[in-house]
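Below: one structure, written as structure tokens.
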Amino acid sequence: MVKKTGEKYFAILEAAIKTFARYGYHRTRVSDIAREAGVADGTVYIYFEKKEDILISLFQEMMSQFVEGLRQQLAACRNSNEKLATVVSYHLNTLGSRPEQAKVTQIELRQIDETINRGISLPLLNYFRLIEEVIAEGQKEGLYRRNLDVRTARKVIFGAIDEVVTCWTMSKKAYDLGSLAGPVYDLLVRGLQ
């Protein structure tokens, strides 16, 4: 198996985002992805054994870039309230600027089997840990209630952000997803305090 790097590898992943968003994961064929990427069908199989591997790799790459970008943003924050605002804003603005990626993460990844679920769970856990670190830091700073269960608070925070993105993805009306960062942050931070 070829190392999963290089121009063609990333072209295939970008094509997968577009085709999964356009046709849905289950209706997308590897040949659709190859055509969108501008490569031969066989080239896809140099990098991926099957369509499931493409979806797993796609999510792993997206989440890796997402978490790394978020870490960089969080490093510039002065306290946990700024960090929570950054988490909310970064999540909404990142997916708001990539509607095809949002459609894949919010709709297509929810209709998958257990094998794919196992493949995407670790990158998602890295994001969850970041949110939990922000909450725990806020407790140490005295900004958030000490009696909060960090895991439950993380589930509420992620769940709220995730639901806002899902509604935006499925909406028939166009609106700026990032514009909801302030109201979402306000609701969440009041709950934590």
Side-chain angles (χ1 to χ4, degrees), residues 4-39 43-44 47-48 50-74 85-113 115-131 154 157-182 184-185:
K4 294 190 174 187
T5 61
E7 191 176 315
K8 287 183 182 177
Y9 172 75
F10 290 108
I12 292 165
L13 292 182
E14 274 302 313
I17 291 172
K18 292 176 182 173
T19 55
F20 291 154
R22 187 180 310 132
Y23 304 121
Y25 171 75
H26 293 291
R27 289 190 314 269
T28 296
R29 298 169 302 173
V30 170
S31 60
D32 298 326
I33 296 169
R35 185 172 34 263
E36 182 71 35
V39 300
T43 302
V44 174
Y47 296 93
F48 306 97
K50 53 190 181 246
K51 186 170 72 170
E52 291 84 357
D53 296 334
I54 298 171
L55 186 62
I56 292 168
S57 295
L58 172 64
F59 188 75
Q60 289 172 344
E61 289 292 338
M62 286 189 308
M63 281 308 295
S64 175
Q65 291 172 14
F66 181 89
V67 168
E68 184 53 38
L70 179 56
R71 275 188 206 284
Q72 291 173 10
Q73 297 278 323
L74 292 175
T86 298
V87 167
V88 173
S89 176
Y90 186 84
H91 192 134
L92 296 181
N93 284 306
T94 298
L95 290 179
S97 68
R98 300 210 54 194
E100 292 170 323
Q101 179 177 324
K103 189 171 184 180
V104 171
T105 60
Q106 301 306 121
I107 298 170
E108 297 308 319
L109 279 171
R110 312 224 173 178
Q111 304 173 40
I112 53 164
D113 63 29
T115 304
I116 295 172
N117 192 40
R118 279 193 305 274
I120 68 171
S121 62
L122 181 61
L124 199 52
L125 287 174
N126 291 332
Y127 182 37
F128 291 166
R129 283 188 197 110
L130 273 182
I131 296 171
R154 184 260 302 154
I157 290 168
F158 178 79
I161 299 168
D162 189 59
E163 178 64 14
V164 168
V165 176
T166 298
C167 289
W168 175 78
T169 301
M170 299 180 77
S171 177
K172 302 286 186 223
K173 296 180 182 180
Y175 59 92
D176 178 18
L177 181 60
S179 70
L180 300 177
V184 171
Y185 164 75

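- With a 6.0 Å cutoff to the six-membered ring centre and a 45° limit on the axis angle, Lys51 counts as a cation-pi contact of Tyr25.
- Counting heavy atoms from C-beta outward, Glu108 and Tyr23 have side chains that stay 4.5 Å or more apart.
- Phe20 is listed as a side-chain neighbour of Ile33, based on a closest heavy-atom distance under 4.5 Å.
- Using cut-offs of 30° and 60° on the angle between ring planes, the pair His91 and Tyr127 is tilted.
- With hydrogens and angles disregarded, a donor-acceptor distance shorter than 3.5 Å links the side chain of Thr105 to the backbone of Ala102.
- When side chains are defined from C-beta on, Leu55 counts as touching Val104, because their heavy atoms get closer than 4.5 Å.
- The closest donor-acceptor contact from the side chain of Ser171 to the backbone of Cys167 lies at 3.5 Å or more, if one exists at all.
- Between Phe59 and Leu124 the shortest side-chain heavy-atom distance falls below 4.5 Å.
- Proximity of Val88 to Leu180: side-chain heavy atoms (C-beta onward) are nowhere separated by under 4.5 Å.
- Ring orientation note: the planes of Phe48 and Tyr9 are close to parallel, at an angle under 30° on the 30°/60° scale.
- Looking at Ile12, Ile120, Leu13 one by one, the single match for side chain to side chain contact (heavy atoms under 4.5 Å, CB included) with Ser57 turns out to be Leu13.
- The backbone N or O of Leu95 sits nowhere less than 3.5 Å from a side-chain atom of Gln101 that would complete a donor-acceptor pair.
- At least one donor-acceptor pair under 3.5 Å links the side chain of Thr28 to the backbone N or O of Thr19.
- Between Arg98 and Ile17, some side-chain heavy-atom pair lies under the 4.5 Å cut-off.
- In this structure, Ser89 contributes its side chain and Thr86 its backbone to no donor-acceptor pair below 3.5 Å.
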